[in-house]
Trainee: 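Questions regarding the structure given below will be posed in turn.
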Amino acid sequence: MADEVVLAYSGGLDTSVAIKWLIERYGMQVITLTADIGGVRDLPAIREKALGIGAVNALTVDAKEVFVNSFIFPALQANAIYEGQYPLATALARPLIAKLLVDVAKKEGANAIAHGGTGKGNDQVRFDVSIAALAPELKILAPAREWGMTREGTITYAQEHGIPVPITVANPYSIDENLWGRSIECGVLEDPWIEPPEEVFTWTKPVRETPDEPSYVEIGFDTGIPVSLNGKELDGVSLIQQLNQLAGEYGVGRIDHLENRLVGIKSREVYEAPAATVLLKAHQALEAMTLSRSQLRFKEKVATEYADLIYNGLWFSALRDDIAAYVSSSQRFVSGTVKVKLHKGNCLVVGRKSPVSLYSYSLATYDKGDIFDQSASPGFIHIWGLPVRLQAQVQLQKEKTKEE
Ligand code: ARG
């Protein structure tokens with residue numbers, strides 16, 4: 001019997017060509033797996049397409065809920081943003097897809113897994129490392145990494161093998177999308193000087209087409225997890241979907257990032273991430289109210305480490321478990337409501353409240369009701385400034401006289 005391989009299948013051109021290629025080149029039986037994590041539209045059509053090309057079986061799975069609860073929300077609680085810009089939509093999805101592929105491979109008794117990652121990208125790393133961590137016995141195939149076809153070559157191969165080439169292939173961009181965001185690469189975007197043309201954006205309106213009046217949204221959080229929009233309780237998937245829609249209408253969430261890939265390449269990445277942009281801002285605003293200064297400072301360092309780890313494909317590592325435990329503990333008082341204003345491409349936090357707020361009006365106010373003991377400040381400053389005064393006298397002032 002021929003070897004069986006489970007292929008991560010998006011329905012796009014590259015992974016469609018991969019089905020045929022795995023059959024022709026390796027004589028394998030191909031089972032495709034398509035996960036709906038918020039970017040896929042027509043699962044039945046994708047299934048039909050896979051079978052039409054020659055897959056022996058085409059599976060689909062709705063993984064939106066797991067994606068949100070086990071990947072997106074832990075990243076949100078951590079404020080994980082790569083290089084201060086990228087909310088990690090693709091990077092968070094890869095370990096989940098790897099897990100789903102491994103589960104199917106085990107169930108079906110397949111001995112290999114295939115994915116569409118190229119040899120220059122981050123995705124190959126995320127897939128390979130995750131699969132190896134979960135099932136070291138499985139062989140990993142990455143057709144696009146092996147075949148070395150150009151875009152034109154891929155199209156020719158598809159045409160020669162009766163694989164439908166969608167008209168959108170005239171579109172030169174490489175796109176990946178899920179609930180947490182959409183990424184656009186290639187084409188004219190490879191010139192970092194050229195402003196992304198309007199045609200690359202589909203989730204966000206250009207500012208000139210956005211409403212003149214702002215929209216206010218109140219986001220309720222429970223232990224760092226968003227649970228309501230404008231007072232209405234929502235499950236995570238619906239909340240993110242609604243916020244993508246709404247913030248996108250106001251032109252919020254466009255990102256233009258010159259990014260450092262793990263493989264050493266700098267690459268120009270354009271993203272649309274309306275919900276992620278709003279939720280990350282709102283979450284940080286609530287943390288500013290409910291965490292101490294030292295918690296905030298420490299957590300900021302953890303956020304950078306966590307974002308790098310996610311970006312670099314190390315989700316299934318012991319360090320990720322450790323960081324996740326810390327982040328989860330850090331969120332136990334991060335509950336309350338944040339008010340954001342969406343207007344002309346901007347998302348501004350304009351209000352926050354929490355039953356466990358550390359903001360104390362009577363300490364902060366300059367009006368009557370002030371309980372802050374100002375007479376204690378000179379003593380505090382005397383001790384606080386002690387090392388600076390000492391060093392200034394012993395070293396810095398002498399340095400100055402020497403210079404003169
Ligand atoms: N640069 C982003 C990342 O590495 C997006 C990658 C998009 N992947 C894709 N196959 N189009 O996470």
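Read the numbers this way: they start at 1 and go in the same order the structure lists the ligands and their atoms. Just so it is clear, the structure is predicted and the values come from calculations on it, not from any experiment. Starting from 1, each residue takes its place in the sequence as its number.
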Trainee: Under a 4.0 Å threshold between the charged nitrogen and the carboxylate oxygen, would Lys49 count as salt-bridged to Asp42?
Mentor: no
Trainee: How close do Ile240 and Phe73 get, heavy atom to heavy atom, and via which atoms?
Mentor: CD1-CE2, 3.9 Å
Trainee: Among all protein non-hydrogen atoms, which one is nearest to atom 12 (O) of ligand 1, and what is the separation to 0.1 Å?
Mentor: Tyr86 OH, 2.6 Å
Trainee: Tyr271 near ligand 1, heavy-atom distance under 4.0 Å?
Mentor: yes
Trainee: Answer yes or no for Arg261: is there a heavy-atom contact with ligand 1 below 4.0 Å?
Mentor: no
Trainee: Quick test of your reading of the model: are Lys20 and Glu160 salt-bridged, counting only N-O distances below 4.0 Å?
Mentor: no
Trainee: Among Ile184, Thr90, Val125, which residue places a heavy atom closest to atom 6 (C) of ligand 1?
Mentor: Thr90
Trainee: Look at atom CD of Glu233 and say whether more than 12 heavy atoms of other residues, nucleotides or ligands are closer to it than 6.0 Å.
Mentor: no
Trainee: Measure centre to centre between the rings of Phe71 and Trp315, then say whether the value is under 6.0 Å.
Mentor: yes
Trainee: Looking at atom 4 (O) of ligand 1, what's its closest protein heavy atom, distance included?
Mentor: Asn122 ND2, 2.7 Å
Trainee: What atoms of ligand 1 come within less than 4.0 Å of a heavy atom belonging to Arg94?
Mentor: 10 (N)
Trainee: Of the protein's non-hydrogen atoms, which lies at the shortest distance from atom 9 (C) of ligand 1, and what is that distance?
Mentor: Asp123 OD2, 3.4 Å
Trainee: Parallel, tilted or perpendicular: which fits the ring planes of Trp21 and Tyr26, with parallel below 30° and perpendicular above 60°?
Mentor: perpendicular
Trainee: Answer side chain, backbone, both or neither: which part of Arg126 comes under 4.0 Å from ligand 1, heavy atoms only.
Mentor: side chain
Trainee: Going by the order shown, which atoms of ligand 1 are within less than 4.0 Å of some heavy atom of Ser174?
Mentor: 11 (N)
Trainee: Starting from atom 11 (N) of ligand 1, which protein heavy atom do you reach first, and at what distance in Å?
Mentor: Glu185 OE1, 3.2 Å
Trainee: For Glu269, take its heavy atoms, then give the atoms of ligand 1 lying under 4.0 Å from any of them.
Mentor: 1 (N), 2 (C), 5 (C)
Trainee: Checking a contact table here: which protein heavy atom is nearest atom 7 (C) of ligand 1, and how many Å away?
Mentor: Ser183 OG, 3.4 Å
Trainee: What residue among Gln242, Glu249, Gln241 forms side chain to side chain contact (heavy atoms under 4.5 Å, CB included) with Gln245?
Mentor: Glu249
Trainee: If you count heavy atoms of other groups shown closer than 6.0 angstrom to CZ of Arg293, is the number above 12?
Mentor: no
Trainee: Between Glu198 and Arg254, is there a salt bridge with N-O shorter than 4.0 Å?
Mentor: yes
Trainee: Quick one: does Asp176 get an N or O within less than 3.5 Å of an N or O on ligand 1?
Mentor: no
